[in-house]
Amino acid sequence: MRFETSAIHSGSEPDPATGALVTPIYQTSTFVFEDVGKTRGYDYSRTANPTRKALEDNIAKLEGGKAGFAFATGMAAETTIMHLLKKGDHVISQEDLYGGTYRLFDGVMKNFGLEFTFLGMDERERIESAIRPNTKMIWIETISNPLLNIADLEMVVEIARRHGLMTVADNTLPTPYLLRPIEYGVDLVVHSTTKYLNGHCDVVGGAVVTATDELAERIQFFLNAMGTCASPFDCWLVLRGIKTLPVRMERHEKNAIAVAEYLEKHTAVRRVYYPGLKSHPGHQIALRQMEGFGGMVSFEINGGVEAVDSFLRNAKVFSLAESLGGVDSLVEHPATMSHASMPEDFRESVGITDDLIRLSVGLEGVEDLTQDLEQALKRS
Ligand SMILES: Cc1ncc(COP(=O)(O)O)c(C=O)c1O
């Protein structure tokens, strides 16, 4: 089955009770038993729910994994994964990563006795030399947020396998339409389904896909034990969003390329980060590893904080808002918004400067987007 066909059909059969083409929202907490000790496949919606199951099977299929799990948020998915570890375990994590993930690791998981090393994932020696006897996991973002660095999956997986480490890839930015990390040997894929998978800025959700049945069993156990699962309505919305993922991703990328090329030529712009540009350090890996470059563009503006503030205030089609991956174009300032929870010196050392602006390029007419950037840059 082609990806586009799978996005629409995987996980969803016509409803067995009524023939409804679209999987219904099974908005129920509990299911009546057929007999003593005998269910019809479901007993309680925290454990499993038919609408959630349709989404979980769909995402698992798209990512090429054994099983999928839907969570209340991307952070709930990440928190659940971290419970695979125990006190004293060490994690090597990419340093340029979503601020909320950094906050979970540094502000929460450390309190439970986990240890973390944050580093750039572009050099084999740097990763190898960070490995300790207690290292158990390598955590990467396949396209990092917000610098859009590209993790070399073949290299990371090769190192991890040689040292017996579990690999987790946050695949939120490329989505399985552009990249399927399990095909490269990654053990667990995590998503904020809030972003491209849902795609309409009307849900917060998360997902995990496992490469093995053993990991699936453990994630299902933790999901049920910790109660981190998604609601049926949210699952239904994400499932609906995924049906149009391929066409949305194509247009996101077309618009993002136009925006990145426009910004690269602008005199008010110091540097543009977009994996599709030859100037991007991850361009060659992206060409080899992905089927496209995605819809996110970051850039640094000349003129310091005043120019940044003025740009953010004057952008109109790009709304000043957190999040990404929806049909609406959004602009945000990582230093004060999505990455504000990173300590300033760490954030700066990673390259997430005060001058950095992140764009989630939406599906509006591309001329409206470049004209909006033009007028906002003129005033900055
Ligand atoms: C790459 C990435 N991973 C995880 C998350 C967390 O997801 P959520 O906001 O759905 O909890 C985000 C949120 O912005 C993100 O950008």
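In this chain, residues are counted from 1 in sequence order. We use all heavy atoms of the structure for the numbers below, so side chains are in, but hydrogens, waters and symmetry mates are not. Atoms within each ligand, like the ligands themselves, are counted from 1 in listed order.
Taking only non-hydrogen atoms, the option from Thr101, Asp170, Thr142 nearest to atom 3 (N) of ligand 1 is Asp170. Of the candidates Glu322, Lys195, Glu141, Glu332, it is Lys195 that places a heavy atom closest to atom 13 (C) of ligand 1.
Looking from atom 15 (C) of ligand 1 to the surrounding protein, the closest heavy atom is Tyr98 CG, 3.6 Å. Remark: minimum distance from atom 16 (O) of ligand 1 to any protein heavy atom is reached at Asn145 ND2, 2.9 Å. Looking only at protein heavy atoms, the nearest one to atom 10 (O) of ligand 1 is Thr194 OG1, 2.6 Å.
A parallel orientation is assigned to the rings of Phe233 and Trp236, their planes being inclined by less than 30° (bins at 30° and 60°). Ring planes of Phe116 and Phe105: parallel class, angle under 30° (limits at 30 and 60°).
Annotation: side chain of Ile285 is not in contact with side chain of Met290 (no heavy-atom distance under 4.5 Å). Side-chain contact check for Glu4 versus Tyr177: some heavy-atom pair is nearer than 4.5 Å.
Heavy-atom contacts of Glu78 reach the following atoms of ligand 1: 3 (N), 4 (C) (cutoff under 4.0 Å). Of all the atoms in ligand 1, the ones that sit under 4.0 Å from a non-hydrogen atom of Gly205 are 10 (O).
Inclusion of Val204 in the set of residues having an N or O under 3.5 Å from an N or O of ligand 1 is not warranted. Looking at Met75 next to ligand 1, an N or O pair under 3.5 Å apart turns up.
Checked by atom type and distance alone, the side chain of Asn255 never pairs as donor or acceptor with a backbone atom of Val361 at under 3.5 Å.
Phe318 meets the ring pair (Phe, Tyr, Trp, His ring centres under 6.0 Å) test with no other residue; sequence neighbours excluded. With sequence neighbours excluded, the residues that form a side-chain contact (heavy atoms from CB on, under 4.5 Å) with Glu253 are Leu178, Ile257, Tyr274, Phe293.
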